[in-house]
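Structure record follows, encoded as structure tokens.
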Amino acid sequence: MDAIIVTIFSIVIMIGLGYVLKRIDFLSEKDIDPFNKIVMYILMPCMIFHAIYNADLSSLSQLSVLPLIILLSSFATGIISYLILKRLNLDDKKLWSVLVTVMIANTAFMGYPVNLGIFGQSGFLRAIFCDIATLCIFLLLSFVLILKFGGTIKTAVRKIALFPPLWAVISGIIFNLLNIPIGGVLENTINYLGQGAIPLIMITLGLSIDFSALSRNKSMIFFTSIMKLLFFPLAAFLIATQLGLVDLQYKVSIIEAAMPSGMLSLLLAISYNLDYEMTSDCILINTVISLITLPIIIVLL
């Protein structure tokens, strides 16, 4: 319990710091993009590689079931949401703006620090494998949106193929299993860079908070919050229970499913000219709400 309280409060303080720095004009929303690039292309890949490189991968077969739980939970959430939204007669762009929001979880930016703080490196390793499912969902939705709204499959494949965290996972597994040494200097450098990921992620999330979004798209913000923060983890709970998962595997899979909508949703909305303002509003508000729902779900586990 102590670890849960400490982790959640630490995250809230770091997010709050980002929000305060924006309010006093020390930083601004213009800083979000460069901060995200630093995290995505440098800090997070280092964090992932170092964790996998030093992990015990003897249970790789057990770890491989974690992406399946996130995938199935995402599909279940997407299908139910699609059926409900169709009855509301939304136009296709709004409908898919909502679907990408409820189907993609923030398994990395929020999932990594939460699981690392509560469960240590073992939890972090399992969070990384859950995040593999998020990358697969992103790629699948890219293909669907290409068929629906136009674009090229080559572009979608390039985006995922050049995604640095994916290569951090692949290279970490290869270097670990083949026992390839990287030397003390390089390992320390990678470790130091990786340690900067979580604080910068949290501060960036704080910079992105905009409470004025509550006055826009109220109904869709409510809908996406219910589906992403309640239905998605409920689906994961049912699937994990059915598969007989226990202990850390069980807890991490459900916690990762309970994460708010991921920023990859916004990337899809912008790339395929959906209603990205609505997508952005939904992501921001359910991220704030998740600071309440996540601790409750974690305690219940």
Side-chain angles (χ1 to χ4, degrees), residues 5-47 97-98 100-102 104-117 127 131 134 164-165 192-225 228-229 258-271 274-296:
I5 294 173
V6 169
T7 299
I8 296 299
F9 271 99
S10 297
I11 288 173
V12 170
I13 289 170
M14 286 187 284
I15 293 174
L17 175 61
Y19 182 72
V20 169
L21 291 176
K22 181 177 72 170
R23 296 288 296 178
I24 64 175
D25 292 326
F26 185 83
L27 295 172
S28 71
E29 292 183 358
K30 293 180 180 178
D31 297 307
I32 293 175
D33 187 52
F35 282 1
N36 277 335
K37 286 180 179 177
I38 292 171
V39 169
M40 189 69 70
Y41 289 95
I42 301 174
L43 305 186
M44 188 178 289
C46 288
M47 183 184 181
S97 298
V98 174
V100 298
T101 306
V102 299
I104 296 180
N106 201 342
T107 48
F109 276 25
M110 283 283 284
Y112 289 176
V114 169
N115 284 289
L116 178 61
D131 191 47
T134 299
Y192 291 148
L193 287 169
Q195 288 175 0
I198 289 175
L200 194 54
I201 288 170
M202 296 298 105
I203 289 172
T204 304
L205 283 174
L207 290 176
S208 68
I209 292 175
D210 178 12
F211 289 107
S212 66
L214 281 170
S215 63
R216 306 184 297 264
N217 301 304
K218 289 181 181 178
S219 60
M220 287 301 103
I221 287 174
F222 177 77
F223 178 79
T224 55
S225 297
K228 181 66 212 63
L229 301 178
M259 292 297 150
S261 304
M263 294 307 292
L264 288 177
S265 304
L266 184 57
L267 177 58
L268 287 174
I270 293 172
S271 298
L274 305 179
D275 190 342
Y276 55 82
E277 289 187 354
M278 181 178 71
T279 300
S280 176
D281 288 347
C282 292
I283 293 171
L284 293 178
I285 297 305
N286 76 40
T287 296
V288 174
I289 295 173
S290 73
L291 297 177
I292 300 171
T293 58
L294 265 176
I296 295 172

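The first residue in the sequence is number 1, and the count goes up from there.
The CG atom of Asp281 sits 10.0 Å away from atom CG of Leu266, with the distance rounded to the nearest 0.5 Å. Residue Thr134 holds its OG1 atom at 5.0 Å from CG of Asp131, rounded to the nearest 0.5 Å. In this structure, the separation between OG on Ser225 and CD1 on Ile285 is 8.0 Å, given to the nearest 0.5 Å.
Within the 4.5 Å cutoff, no side-chain heavy atoms of Leu207 are placed close to those of Tyr19. Using a 4.5 Å cut-off on side-chain heavy atoms (C-beta onward), Asn286 and Ile221 make no contact. Contact annotation: the side chain of Pro260 never approaches that of Ile289 to less than 4.5 Å [non-hydrogen atoms, C-beta and beyond]. Within the 4.5 Å cutoff, side-chain heavy atoms of Phe109 are placed close to those of Met44. The shortest side-chain heavy-atom distance between Leu284 and Val288 does not fall under the 4.5 Å cut-off.
A donor-acceptor pair under 3.5 Å is formed between the side chain of Asp275 and the backbone N or O of Met278. In this structure, the side chain of Asp31 does not engage the main chain of Leu27 through any donor-acceptor pair within 3.5 Å. No side-chain donor-acceptor contact under 3.5 Å links Lys228 to the backbone of Thr101. A donor-acceptor pair under 3.5 Å links the side-chain atoms of Thr204 to the main chain of Leu200, judged by distance alone. Listed for the Asn115 side chain is a donor-acceptor partner under 3.5 Å among the backbone atoms of Gly111. Lys22 places no side-chain N or O within 3.5 Å of a backbone atom of Ser28 that could act as its donor or acceptor partner. The main-chain N or O of Met263 is never found under 3.5 Å from a side-chain atom of Asn106 such that the two would form a donor-acceptor pair.
The nearest pair of heavy atoms linking Tyr41 to Pro164 is CD2-CG, 3.3 Å. Across every non-hydrogen atom of Pro45 and Val39, the tightest pair is CD-O, 3.5 Å. Contact record, Leu294 with Met110: CD1-CE, 4.1 Å, taken as the closest heavy-atom pair. The two residues Thr287 and Ser261 come nearest to each other via the heavy atoms OG1-O, 4.4 Å. Residues Ser97 and Leu274 share a closest heavy-atom pair of OG-CB, 3.1 Å.
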Stepwise side-chain contact (heavy atoms from CB on, under 4.5 Å) test for Ile198 and Met47: CA-CA 9 Å; Ile198 289 175; Met47 183 184 181; 3.4 Å; yes
Check against side-chain contact (heavy atoms from CB on, under 4.5 Å), Ser290 and Met259: CA-CA 7 Å; Ser290 73; Met259 292 297 150; over 6 Å; no
Leu268 vs Thr279, side-chain contact (heavy atoms from CB on, under 4.5 Å): CA-CA, chis, key distance, verdict: CA-CA 10 Å; Leu268 287 174; Thr279 300; over 6 Å; no
Stepwise side-chain contact (heavy atoms from CB on, under 4.5 Å) test for Leu43 and Gln195: CA-CA 8 Å; Leu43 305 186; Gln195 288 175 0; over 6 Å; no
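Sparse packing is recorded around CD of Glu277, with 12 or fewer heavy atoms of other residues, nucleotides or ligands lying under 6.0 Å away.
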